[in-house]
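Only one structure is covered here, and it is reproduced in the block below.
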Amino acid sequence: MSQPWMPFYVGDYLADTGHLGALEHASYLLLIFHYWRTGGIPNDDMQLARISKLTSGQWEKVKPTVLAFFDHDLRQTCTYI
């Protein structure tokens, strides 16, 4: 069972994500939350779009920007959680 709360360093998040648009922020935060709860994110665009609550077209537009926050194995690289 995961912890009932997640540490989140807002200042660090905002410093790293100031260039994101609204859909990119929403997608990235939902992926962070999924990662925290499950220990990872899937390497599947359909699942990533669903986790992000985006259509496949929206996901394709934000994918390069959002996935830049993860390494090639889709491990989280941020320091704010």
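These numbers come from the heavy atoms of this one structure, side chains and all, not from hydrogens, waters or symmetry mates.
Within a 6.0 Å sphere centred on CG of Asp12, heavy atoms belonging to other residues, nucleotides or ligands number more than 12.
Of the candidates Leu31, Ile32, Ile41, Gln76 forms a side-chain contact (heavy atoms from CB on, under 4.5 Å) with just one, namely Ile32. Between Tyr28 and the options Asp16, Thr17, Val62, a side-chain contact (heavy atoms from CB on, under 4.5 Å) holds for only Thr17.
Summarising the geometry of Gly21 relative to Glu24, their closest heavy-atom pair is N-OE1, 2.6 Å, with the distance given to 0.1 Å. Across every non-hydrogen atom of Ser52 and Leu30, the tightest pair is O-CD1, 3.4 Å. Smallest separation of non-hydrogen atoms from Trp59 and Ala49: CB-CB, 3.6 Å. Closest of all the heavy-atom pairs between Pro42 and His34 is CD-NE2, 4.1 Å.
Counting heavy atoms from C-beta on, the side chains of His19 and Thr65 come closer than 4.5 Å. Contact check for Phe8 versus Leu29: side-chain heavy atoms found under the 4.5 Å cut-off.
Under the 3.5 Å distance criterion, the side-chain polar atoms of Asp71 are matched with a main-chain donor or acceptor of Asp73. Checked by atom type and distance alone, the side chain of Ser27 never pairs as donor or acceptor with a backbone atom of Leu23 at under 3.5 Å.
The CG atom of Leu54 lies 11.5 Å from the CG atom of Asp45; values are rounded to the nearest 0.5 Å.
Following chains of ILVMFWY side-chain contacts shorter than 4.5 Å, one can reach Val10 starting from Phe33, so the two form part of one hydrophobic cluster.
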